[in-house]
Amino acid sequence: MYSYFIRRFLLMIPTFIGITFLCFTVTRFVPGGPVEQAVLRYQQAMAMGGEGGGGTSNTEMEQGQISDEMMESLKAIYGFDKPFYIAYGHWLWRVLHFDLGTSDTYSRPVWDLIKEKFPISIIFGLSGFLLSYLICIPLGVWKAVKHGSAFDTGSSVLVFIAYSIPGWTAGVLLLMLLGGNAFLDIVPSGGKESGTILEGSKLAMFLQKGALVADLPEAISKEFPKLEKNQTINSSHPAFKHVPADKRFNLKKGSHSDLNIIGRTLDTMWHMILPVFCYVLGMFASSTVLMKNSLMENLGQDYVRTAFAKGLSERVVIFKHALRNSLIPIATGLGHMLSIILAGSYLIEKVFNINGFGLLGYDSLIARDYPVTLGILVIGSMLKLFGNIVSDFLYCLIDPRIRFS
Amino acid sequence: MIETWKKYETIIKTLVLFIAWPLFYWLMPEIGEKAIEPSYTTEAVISLVLAAGFIVYILPLLVAGADSFRMFITSPIFKRRWGKFKTLKRGYYAFILIIALFVVSLFAEFLINGNAIMVKYKGEYHFTLFKFISARTFGMRGYGMPNYRMLKDLLKVRNNERAERVKTGTANDEDRQYAQWGDDWVWLTLYPYSPLESLLDELPTRPPHPPTWLTGEWRKAYVEESLYTLPETLPTPEEITSKFKRPEWVDLEPAQLYLQMAHAGLLELKPEVRQPGTFQHILGTDDRGRDVFARMVYGFRTSLSFALLVTFFCYLIGITIGALLGFYGGKFDIIMQRFVEIWSAMPFLYTVMIFAAIMIPNFWMLVMILVIFKWMGMTYYIRAEFLREKSRDYVSAARAIGCTDGAIIFRHILPNSLTPVISFAPFAVVADIGALVSLDFLGFGLPAPTPSWGELLGQGLGNLTKPWLILSPMLAMFLTLLLVSFIGEAIREAFDPKQYSRLR
C-alpha cells in the first residue's frame, strides 16, 4: 500500500521530465522566439529613432542591423547560446530550486507572477466547483430516487442542455444578454472588481470615510512621502487614524479599495456571478449524471436488498447505506479539483477578462514569453500529477475495500 | 472481405503503392522535413520507401482491422443492439438528421457559394463552379474572379436592352448573332455568397452588418453612416400628428425628430444607397463583411469532419496499443502503461495551445496535434476487454487449432471487444468539437480565413452589441452537440445497458 504511493511519487519524476522536455524542446526550435522578438523590437525602435533624428550617420547600428556580438549577447540573455539539452539541464536545475526564470514581457520573476495570479483563479474556480457539487449532488440523488418520474425526465432535459453548451460559451452569451451591451445591464462586463465607483452606483453606500492629505499633521505626512497634498486617503490607509476627527468626511466616489469590507465583498461577488455560473455549467452535466448513476448502481446491490428486508425505512436505506457508498466516485473527483479549475480558467478568464492564471498563460503564449509558458506548464502538470495521487489516496481513505498494489 | 483481399492482394497493393507514393511525397514538406536537402530525388526515394513500408506493414493491418470491424457489425449481437437503437426514436432520428446534414454540407459548394454553377455567355457554356474564369471573359472589368451576382444583373440588363433594340429595329451584328445563341444567363447557387468573400463593396454600411430582415438595426446603421436624406423643410406639428400619427414628437428638437423619424423608417435613403433584399443575408455578416450563414454551414462541415477524424485516429491508435497491451501483457504491458500514464498527465488544453501557438497549424496538423495528446482514453477500455476475452474458451480453442496471434487478435478477440468504441464515440465527437471551438476562440485553431464557429464567437466577444455574431455560432454548436449527445445516449442505452433493479 505505502510502496504503491511511493512508487507513484517516484513515477512523477520521469513524467515531469518528459512533459517539460517536450515543451522546452519545441519552444527552442520554432522561429519567432524571444531572440527574434527582441531583434524586431530593436529594429523597430531604431527605425523610429532614425526618422526622428534625421539619420545622418550610416553605420550598421543606425540602420537597425545587428552585429554578431550583439546577436551573441542577446542569445546569452535569453539562454539561447547553449545547445538545447544543456539549456534544458540548466532550466531544470533552476526549477528544482523553485526558480522559474524571469518573464520577458513583465521583467519580473515568473514565480512571483504565478503566486500573484494563482489565488485569483482559485477563488473563482473553487467557488464554482463547490457550488456545482452543492447543486449536483442533491439533484443527482433526487433524480436517482425518483428515477423514471416526470422530475427525472425534466431534469434530464436540463442535463442534456448543459452538456451541449460548453460553460465558457454560455459566458459569452450571458455577457451579451446581461452585461449591459445589447439587452439588460445587470452584471459587470468583466474583470474581477470595479474600477471606479460613482455616486450613483449602488456600491457607493459602502464607501469608507476619507480625508485630505493636506489635513494630516506635519510629522505624520513626512512619514509618507509618496502622498501628495491634494490627494484623498481612505480609512484603511495607515495615516488615516492621525487625521483629526472633524476633518474626516464620507467619500463620495472612489475605487474598489475605497470600499469597506462589506462593499468589497459585494463588489467581488457581483463580479463573480457570471464566471462562477460558467464553471458550474461546465461541471453540471457530468457531476449530476455521475452522482445519479453511482447511486442507482448502489441501490441495485444486495446490501440494499438486505437493508430493506430487515425492515429499515426507505429514508434510512437510501441516505445512510446507499448514499455513503455512492459518494465515493464523487469524493475522489476532489483530487482533480485544481486541474479541472485550471483547465476551465484558460477560457473563462479570457471571456471575462479576469487577470488570473489562465489569462497569464494565454498572454504569455501570445507574447511568446517562454519562461512564463513553461512555468505555467510546470505548475499545471505538477497539479495534475498530484491530483492523480490525491484522488487515489482519497479512494483508499474512503473505501477500505480498495487495496492498490 | 478478407477473401477478396487475399484474391486481389498484389493488384491492390500495386494500386495503393501508386497512390501512396505521391501522397507521401506531397505530405512530406507539410510534416516539416526541413533537415532533408530539398532535392527531388531524395524526397522521391524517401516517399517511395515510406509508401512501401506502409503497404507491407500498415496496409494488411488496416485491412485486418477493417475486417474485424465488419465482423463486429455483422454479428447477430450487434444487429440485435442496433435494432434496440432504432427503437430509441430520439437518438435514431438525431442520428439520421446529423448524417443527412453532414452529407448535405459535404456538397455545400453546390448550395452556398459565390461562384455560379454555370454561365451561358455568347452562346458558350462555362462551368464556373470549380474552374477559374477571369471577369474579362464575361465582358466585365479586371482579371480577377467575376462577381457572379453582379454578372447576373448585368446580363439581365443587357438582354433587356438587346430585346429593346431588336424591337425598335436598331439591332447591330452582335444582336443578330444572339438570335442564334439565345439569351445569356447565370445559374447561381441557392445562397450565392461564399464564406470567405468580403461583401464590403456590396453592402452600404460598415461591417458587421445585421441580418437583413432586422430592419430596425439597419436603420440605426444608416443613421450612423448618415445615409438618409433630410426633407427640405422641417415637418410641421400638424404633419407630425396627422400624417405620422406620433403626437409625442411635436416638442422634439429637429435633430431628435429626424433621428426618431429615421428609426421609424419615415425618412428617405440617399438615392445612391443600394439596400439589400430582406432575405439576402439571413444571419448578417461578420466584422470583415463575410456572410455569417455561409460561414456557419462551412463551419459545421469543418467542425464535424475534424471531430470525426480526430476520433477515428485516436481510436485507431488507442485500439492498436490497447490490444497489444491486453494481448501480450507482461513487461511490455507494464512499461507501456506507465508511458500512457505519463502521457495522459499532460495538461491537455494548455499543451495543445502551446503546440498550436508555436506551429500555427493547418487542418491536418491540428488533427495530428489533438490525436497525439488525446489517444490514451480508448487504450484502457480495449486493454480491459482484451484481458477479459483472452481467458475465454474460444480463444483457447483458436490457439489449439493452430491460429496465429494475428488471427486470434483480428478474427477472434477484436470483433468481440469493439463495444466500447461504439458507445464512447459520440461523446468523443462532442469533446472534439468543443476542443476545436475552444482553440479557434482563443486563436490557436485553424488558420485565419477558415470558417469556424469558435472564431466567430471570438468576434462576438469583441462586438458584444452585435447579438447575431454570438447567437448564430452558439445556436449552431448547441444544436449539433445536442443531436450528437442524443445519439450517444441512445447508443449507450442500446449497447451498454445497465439494468438497475429497484426494490421498493
Side-chain angles (χ1 to χ4, degrees), chain A residues 11-12 14-16 18-19 22-23 26-27 29-30 32 144 147 160-161 163-166 168-170 172-173 175-177 179-183 189 285 293 296-297 299-300 304-305 308-309 314 317 339 342-343 346-347 350-351 358 361-362 365-366 368 373 376-377 380-381 383-385 388, chain B residues 90 338-339 341-351 353-360 427 430-431 433-435 437-438 441-444 453-454 457-458 460-461 463-467 469-471 473-475 477-486 488-489 498-504:
Chain A
L11 253 176
M12 275 176 68
T15 313
F16 180 73
I19 294 169
L22 190 72
C23 291
V26 168
T27 56
F29 283 112
V30 172
H147 179 67
F160 265 118
I161 291 174
Y163 186 71
S164 310
I165 304 179
W168 60 273
T169 60
V172 183
L173 182 71
L175 262 187
M176 181 198 77
L177 293 176
N181 288 292
F183 298 103
S189 57
N293 287 348
M296 293 286 288
E297 209 155 299
L299 285 177
V304 172
R305 186 199 305 262
F308 272 118
E314 194 185 327
V317 175
S339 36
L342 289 187
Y346 298 114
L347 289 155
K350 173 81 175 59
V351 171
Y362 173 80
L365 269 178
I366 294 286
R368 294 283 163 93
T373 306
I376 284 189
L377 189 75
S381 49
L383 284 175
K384 197 155 181 185
L385 292 171
N388 283 342
Chain B
R90 191 174 62 185
R338 289 291 89 77
F339 177 74
E341 207 171 287
I342 286 173
W343 206 246
S344 42
M346 295 227 185
F348 171 72
L349 185 62
Y350 199 61
T351 329
M353 269 163 72
I354 292 177
F355 273 72
I358 287 172
M359 291 172 130
I360 310 178
F427 299 106
V430 169
I433 292 179
V437 172
S438 313
F441 171 76
L442 292 172
F444 300 128
W453 295 342
L457 263 176
L461 187 64
N463 295 293
L464 281 171
T465 48
K466 318 280 189 220
L469 288 185
I470 298 170
L471 287 174
M474 281 281 301
L475 209 64
M477 188 168 57
F478 171 64
L479 290 178
T480 312
L481 295 189
L482 193 69
L483 287 180
V484 179
S485 52
F486 279 161
E489 189 58 27
K498 283 204 173 73
Q499 296 295 330
Y500 295 118
S501 59
R502 296 301 312 272
L503 289 159
R504 192 46 79 81

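In what follows, every heavy atom counts, from backbone to side chain, and hydrogens, waters and symmetry copies are set aside. Just so we're on the same page: letters track the sequence lines, and every chain starts at 1.
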If only atom types and distance count, is the side chain of A:T169 paired as donor or acceptor with the main-chain N or O of A:I165 below 3.5 Å?
no
Do A:L365 and A:Y346 have side chains that approach each other closer than 4.5 Å (heavy atoms only, starting at C-beta)?
no
Donor-acceptor pair, A:R368 side chain versus B:A357 backbone, under 3.5 Å?
yes
For chain A, find which of B:M474, B:K466, B:E489, B:E341 contributes the most heavy-atom pairs closer than 4.5 angstrom.
B:M474
Using heavy-atom distances under 4.5 Å, tell me whether A:I161 contacts chain B through its side chain, its backbone, both, or neither.
both
State, with a plain yes or no, whether a side-chain heavy atom of B:L471 is found less than 4.5 Å away from one of A:M176.
yes
Whether B:F441 and A:W168 hold their rings parallel, tilted or perpendicular, with breakpoints at 30° and 60°:
tilted
Counting heavy-atom pairs under 4.5 Å with chain A, which one of B:F339, B:F348, B:F355 comes out on top?
B:F355
So, the part of A:K350 with a heavy atom under 4.5 Å from chain B: the answer is both
Please flag which part of B:F486 lies under 4.5 Å from any non-hydrogen atom of chain A: side chain, backbone, both or neither.
both
Run B:W453 and B:T480 through side-chain contact (heavy atoms from CB on, under 4.5 Å) and show every step you take.
CA-CA 12 Å; B:W453 295 342; B:T480 312; 3.4 Å; yes
side-chain contact (heavy atoms from CB on, under 4.5 Å) between A:I366 and B:F444: does it pass, once the steps are laid out?
CA-CA 9 Å; A:I366 294 286; B:F444 300 128; 4.0 Å; yes
Contacting moiety of A:F183, where chain B heavy atoms sit under 4.5 Å:
side chain
Whatever's closer than 4.5 Å to a heavy atom in chain A on B:L482 counts as both
When heavy-atom pairs shorter than 4.5 Å are enumerated against chain A, which of B:G454, B:G458, B:S485 gives the highest number?
B:S485
Rounded to the nearest 0.5 Å, how far does OG1 of B:T351 lie from CG of A:L377?
5.5 Å
Less than 4.5 Å to any heavy atom of chain B: does that hold for the side chain of A:V317, its backbone, both, or neither?
neither
If you count heavy-atom pairs within less than 4.5 Å of chain A, which of B:L483, B:L479, B:L461 leads?
B:L461
Does any backbone or side-chain atom of A:L385 lie under 4.5 Å from a heavy atom of chain B? Answer side chain, backbone, both or neither.
side chain
Tell me, for B:V437 versus chain A, whether the close heavy atoms (under 4.5 Å) come from the side chain, the backbone, both or neither.
both
Sub-4.5 Å side-chain heavy-atom contact between B:M477 and A:P166
yes
Among B:I470, B:I433, B:V430, B:L457, who wins on heavy-atom pairs under 4.5 Å with chain A?
B:I470
Let me know if B:L349 has heavy atoms under 4.5 Å from chain A in its side chain, its backbone, both or neither.
side chain
